[in-house]
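Structure, as C-alpha cells:
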Protein chains: 2
Amino acid sequence: MAKGTDDTIAVRISKALADRIISGAIEPGARLRQDHVAEEFNTSHVPVREAFRRLEAQGLAVSEPRRGVRVAAFDLGEVKEVAEMRAALEVLALRHAAPHLTSAILDLAEEATKAGDKSRDVRSWEEANRAFHRLILAPCGMPRLLATIDDLHAASARFLFAAWRSEWEARTDQDHRAILTALRQGNTESAAATLGRHVQWIGRKPVRTASGATREAFAIVG
Amino acid sequence: MAKGTDDTIAVRISKALADRIISGAIEPGARLRQDHVAEEFNTSHVPVREAFRRLEAQGLAVSEPRRGVRVAAFDLGEVKEVAEMRAALEVLALRHAAPHLTSAILDLAEEATKAGDKSRDVRSWEEANRAFHRLILAPCGMPRLLATIDDLHAASARFLFAAWRSEWEARTDQDHRAILTALRQGNTESAAATLGRHVQWIGRKPVRTASGATREAFAIVG
DNA sequence: CGATTTAAAATTATAGATAATTTCTGTTTT
DNA sequence: AAAACAGAAATTATCTATAATTTTAAATCG
C-alpha cells in the first residue's frame, strides 16, 4: 500500500483509522477520542479532527456535535443497501468502461481472480477482489463515480471482515470468470447483468458472539 | 431553510459556503482562503478548515495539500456523469420507495410540481424540483443512498444555476406528472423508467461569456 | 527585453492553551 | 436497591501563536 509520505498528516491519520475500522480492529460503536488519537500519532488534535471529517464522509464514522465521534455501526439493512448501491453504480461504470477495455486489462483482471481463488485469508481475498472490480471499472473515466464506488467497497470490506473474522475457505469465483468471458466476447449487457447479480450476493454465516450464543452474520461477497 | 443554531461553527460555515458555491456566487476555480473566511465569520481558521473538508467530501471543493482549497470546476463530462449517477440511484431509490408511497405523499409531490411550473426564477424552480424528488424517494428508507443522492442534487443545482444564471422561462413539467400518474396506478417500473430518462435530460443554452463570444452551456434539468 | 533568481508577503498546516460541555462516579434520597 | 443528584474528571470545540510552504513581486543577469 502506497504510504503517501507527502500527504498531509490528517490524510495519513484518516487512512490509518479507516484501515482499522474496515479490518474490525476498532469495534463498531467505539468512541474515537481526539486527544488519544493525537497522542498516538504524535500530533495535535487539529489534524485528528480533520481526519474524523474524512471518515465521516466515507460513512465509516458518525459524529454528534459536542459528543464526539464513534465508529459507524451497521446492520443487515445497511449491508443490503450498500450491495444495491454497488450493483447500480458498478453496472453503470461497466457499461462506460466496456468500450475501453483492452485484452491486457482483462488479463490482469483474470490474474486478480486467480489470486483471489488462491487466497488463504479474508484480507488477501478482499484485496484481490477489489483489484478485479477496479480493473474492469476504472476505464469508464468517471472520477466521481469511481470515488463513490471506492467508498462503497470500503463499507463492503468492513462487513466482510466482520463476518469472516478469522476463518476463510477458498472458493473459485465463477462470476468473475463469467464476466470476463462476456467482456472478451464484447457482450457488455451480459457482463453487466452478471456483475449486478454478483455484487448483491450476500453470504450468511453463523458466528459465535461474545455472550456465547450464535447469530447469523451477513456480508457482501463479491 | 433551517438555520441549525445548535450546529457546530464548522457546519454553519460549510452550509453557507456550499450555498454560495451552488448558487454561483463564488466562481468555479476560485480560491477559498481560510483566514479570509475565518475573518468573515468571526472565527479562527480551525473550524474553517473542517468546513473545507466537508465541502471537499460533497465534491464542491477540491484541495491540494499545502496549496489550499478551491471551488471545484466542472465541465460537460461531469454534468453527464452526475446525471447518470442520479438516474441509476434515483431509480433504485424509487423502486424501494414505491411500496411505501401514500396518496398523501403523492399529493404533496404534485403540489411541488405545480410550484415548479409557477416558478419565475431558477432558484425557486430548483427548490420545488428538489422537493418533488425527495418526496417520492425518501420512503425508501435507505439513508446512505439518500445522502448520496442529496450530494448529487447539489451538484446538479450548481450546473443549473451556472447555465440559467438570471433568466428563466417557466415550463410545465410533463415528466413529473407522468411519474406521479404511473405511481398512482401502481406501475412502479413505468415510473422508474420515466424517472431515469427524466434525470438525464440535459438542457442546452447559448450563454454570453465574459469575452463577449457565445458558447453552449449545459445543465441537468430534472 | 525576457528569463531566472532572490527576497518579501501571504497562506497553509500544525502546535499549545483555554473555555464550555459531556460523561463518569460516588453519594444521597426515596 | 433503584433512581436522582451532585461534583470531579475527561473530552470536545475553539482560539491564539508558530513553523513551514507557496505565491507574488522585485531585482538581477544574460
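Quick note: numbers below take in every heavy atom, side chains included, and nothing from hydrogens, waters or symmetry partners. Chain letters run A, B, ... following the sequence lines, proteins first, then strands; residues in each count from 1.
Listed by first and then second residue, the ring pair (Phe, Tyr, Trp, His ring centres under 6.0 Å) pairs that reach into residues 130-156 of chain B are B/F132-B/H176, B/H133-B/H153, B/H133-B/H176, B/H133-B/H198, sequence neighbours excluded. Pairs passing the ring pair (Phe, Tyr, Trp, His ring centres under 6.0 Å) check and including a residue from residues 45-69 of chain A, sequence neighbours excluded, do not occur. Applying the salt bridge (charged side-chain N to carboxylate O under 4.0 Å, His left out) test to pairs two or more places apart or on separate chains, those with a residue in residues 44-59 of chain B are A/R49-B/E50, A/E50-B/R49, A/E50-B/R53, A/R53-B/E50, A/R54-B/E56, A/E56-B/R54, B/R53-B/E56. Residue pairs meeting the ring pair (Phe, Tyr, Trp, His ring centres under 6.0 Å) criterion with at least one member in residues 65-90 of chain B, sequence neighbours excluded: B/F74-B/F159. Screening residues 133-161 of chain B for salt bridge (charged side-chain N to carboxylate O under 4.0 Å, His left out) gives A/E78-B/R144, B/R134-B/D150 as the qualifying pairs, with residues at least two apart or on separate chains.
Looking at heavy-atom distances under 4.0 Å, A/R49 makes contact with a base.
Exactly one of A/L146, A/L101, A/L92 qualifies for a side chain to side chain contact (heavy atoms under 4.5 Å, CB included) with A/C140. That residue is A/L146.
The distance from atom CD1 of B/I9 to atom C1' of C/dA19 is 12 Å, rounded to the nearest whole Å. Rounded to whole angstrom, the span from the CZ atom of B/R66 across to the C1' atom of C/dA13 amounts to 5 Å. Protein atom CZ of A/R70 is 14 Å distant from nucleotide atom P of C/dT22, rounded to whole Å.
In terms of the ring pair (Phe, Tyr, Trp, His ring centres under 6.0 Å) criterion, A/F161 has no residue partners (sequence neighbours excluded). Not counting sequence neighbours, A/D35 has no partner by the salt bridge (charged side-chain N to carboxylate O under 4.0 Å, His left out) test. Remark: A/E90 engages A/R86 in a salt bridge (charged side-chain N to carboxylate O under 4.0 Å, His left out) (not counting sequence neighbours).
Regarding contacts with the backbone of C/dT14, a side-chain N or O of A/T8 is found under 4.0 angstrom from either OP1 or OP2. Dashed line: the shortest gap from a side-chain N or O of A/R67 to OP1 or OP2 of C/dT23 is under 4.0 Å.
Of all nucleotides in DNA chain D having an atom under 4.0 Å from a heavy atom of chain B, the first and last in 5' to 3' order are D/dA13 to D/dT23.
Residues of residues 35-45 of chain A that place a heavy atom closer than 4.0 Å to DNA chain D, in numerical order, are A/D35, A/H36, A/H45.
Taking a 6.0 Å sphere around CD of A/E39, one finds it holds 12 or fewer heavy atoms contributed by other residues, nucleotides or ligands.
In the helix from C/dC1-D/dG30 to C/dT30-D/dA1, the rotation axis of the first five pairs and that of the last five pairs differ in direction by 20°, rounded to 10 degrees.
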For residues 103-111 of chain B, which side-chain donor-acceptor pairs fall under 3.5 Å, sequence neighbours excluded?
residue : atom : partner : partner atom : Å
B/D107  : OD1  : B/R184  : NH2          : 2.9
B/E110  : OE1  : B/R184  : NH1          : 3.2
B/E110  : OE1  : B/R184  : NH2          : 3.1

